[in-house]
Amino acid sequence: MPIGLVLGIAAQYFVNFAVSWPVLKLTGSSFDDYEKPARDLALKAKESSWWGVILFILVVAIAAPFFEELFYRGLVQRSLLRHVAPVVAVVLTATLFGLAHFQLLQLPALVVFGLFVGWLAHRSGRLGLSIFTHVGFNATTVVVLLLDKARA
């Protein structure tokens, strides 16, 4: 569990800087454009009530990683592995994972993160590490957004 959380935190910073930065430069977009969907969601949670904040934390940092890993790595990737090579299964699953978020600007970063957790799930043969990595990844964003007073 701790290893997964640390990997998720590290992946969040890697993806934001190594993957997103070049995409933003190529598209002429700003980091504000990149963060806007998540910021808007966090702002709605903060404006609603403390229940909204708790629900935001539970859904984004815990439930979404659990159910997404269960579905994408547990069901989709494992099903694909019966028919295609592991690298193809991981790439297809990561691409579906990224597309399912309906965020064009974040798509490359989400696919890269999907490749990472897909590789972790395949390499370990279990979902625990990918789930906790995903929790660490999402929880990092949640904490940063909830603590950010400047844009709230």
Side-chain angles (χ1 to χ4, degrees), residues 1-24 29 31 33-46 48 50-148:
M1 180 172 110
I3 292 171
L5 295 174
V6 170
L7 287 173
I9 294 165
Q12 179 64 254
Y13 287 102
F14 171 79
V15 163
N16 276 327
F17 297 109
V19 178
S20 299
W21 185 79
V23 170
L24 294 176
S29 301
F31 202 67
D33 297 329
Y34 178 79
E35 292 179 322
K36 186 172 178 4
R39 261 193 207 292
D40 290 348
L41 190 59
L43 186 58
K44 285 180 186 174
K46 287 195 243 184
S48 65
W50 61 275
W51 278 108
V53 172
I54 290 171
L55 188 60
F56 177 66
I57 293 166
L58 290 174
V59 169
V60 177
I62 298 169
F66 176 78
F67 289 109
E68 287 179 348
E69 290 308 306
L70 195 62
F71 179 73
Y72 288 103
R73 264 51 74 179
L75 179 65
V76 175
Q77 186 169 300
R78 286 183 181 169
S79 295
L80 286 171
L81 281 168
R82 293 187 201 129
H83 306 286
V84 297
V87 69
V88 175
V90 170
V91 169
L92 286 175
T93 303
T95 303
L96 289 172
F97 170 77
L99 289 169
H101 287 80
F102 298 103
Q103 299 294 331
L104 191 58
L105 200 52
Q106 291 89 355
L107 180 62
L110 289 166
V111 171
V112 168
F113 179 68
L115 290 169
F116 181 57
V117 289
W119 175 78
L120 290 173
H122 178 69
R123 181 105 163 99
S124 69
R126 302 177 59 105
L127 294 177
L129 185 57
S130 64
I131 289 170
F132 282 105
T133 300
H134 200 149
V135 167
F137 186 86
N138 283 18
T140 302
T141 298
V142 166
V143 168
V144 168
L145 291 172
L146 291 177
L147 294 178
D148 187 4

Quiz item: So, for S48 and G52, which heavy atoms are closest and what is the spacing to 0.1 Å?
Solution: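 So the minimum-distance heavy-atom pair works out to OG-CA, 3.2 Å.
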Quiz item: Which atom names give the shortest non-hydrogen contact between A42 and L145, and what distance separates them?
Solution: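 Shortest heavy-atom contact: CB-CB, 3.7 Å.
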State, with a plain yes or no, whether a side-chain heavy atom of [X] is found less than 4.5 Å away from one of [Y].
X	Y	result
E68	H101	yes
L80	T93	yes
L129	I3	yes
L105	L24	yes
V76	F71	yes
V143	I57	no
L146	F56	yes

Quiz item: Salt-bridged, D40 to K36, with N to O below 4.0 Å?
Solution: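 The answer is yes: the pair qualifies as a salt bridge.
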Self-check item: Donor-acceptor contact below 3.5 Å, side chain Q77 vs main chain G118
Solution: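 Yes; at least one donor-acceptor contact below 3.5 Å.
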Exercise. Return yes when atom CG of L70 has more than 12 non-hydrogen atoms of other residues, nucleotides or ligands closer than 6.0 Å, and no otherwise.
Key: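 More than 12 heavy atoms, drawn from other residues, nucleotides or ligands, come within 6.0 Å of this atom.
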Quiz item: Does CG in L75 sit with more than 12 non-hydrogen atoms of other residues, nucleotides or ligands closer than 6.0 Å?
Solution: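 Yes, CG of L75 has more than 12 neighbouring heavy atoms, counting only those of other groups under 6.0 Å.
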Quiz item: Which residues satisfy the side-chain hydrogen bond (donor to acceptor under 3.5 Å, both in side chains) test with S29, sequence neighbours excluded?
Solution: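 S29 satisfies side-chain hydrogen bond (donor to acceptor under 3.5 Å, both in side chains) with T27 once adjacent residues are dropped.
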Quiz prompt | Pair H134 and F66, ring centroids less than 6.0 Å apart | solution =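 Centroid distance H134-F66: not below 6.0 Å, so no.
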Practice problem: Go through the structure and list residues passing ring pair (Phe, Tyr, Trp, His ring centres under 6.0 Å) with Y72, not counting sequence neighbours. | Solution: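 For Y72 the ring pair (Phe, Tyr, Trp, His ring centres under 6.0 Å) partners, ignoring immediate neighbours, are F97.
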Practice problem: Could I get the full list of ring pair (Phe, Tyr, Trp, His ring centres under 6.0 Å) partners for Y34, not counting sequence neighbours? | Solution: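 Once residues adjacent in sequence are excluded, the partners of Y34 under the ring pair (Phe, Tyr, Trp, His ring centres under 6.0 Å) criterion are F31.
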Practice problem: Check the angle between the aromatic planes of Y13 and F17 and answer parallel, tilted or perpendicular using the 30° and 60° thresholds. | Solution: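 Because their plane-to-plane angle is under 30°, the rings of Y13 and F17 count as parallel.
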Practice problem: Apply the side chain to side chain donor-acceptor pair (under 3.5 Å) test between Q12 and each candidate in N138, T141, T133, T140; give the one that qualifies. | Solution: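 Answer to the side chain to side chain donor-acceptor pair (under 3.5 Å) test with Q12 among N138, T141, T133, T140: T141.
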Practice problem: Carefully, step by step, assess L120 and F116 under the rule side chain to side chain contact (heavy atoms under 4.5 Å, CB included). | Solution: CA-CA 6 Å; L120 290 173; F116 181 57; 3.8 Å; yes
Exercise. Test L81 against H122 for side chain to side chain contact (heavy atoms under 4.5 Å, CB included), laying out the working first.
Key: CA-CA 9 Å; L81 281 168; H122 178 69; 3.8 Å; yes
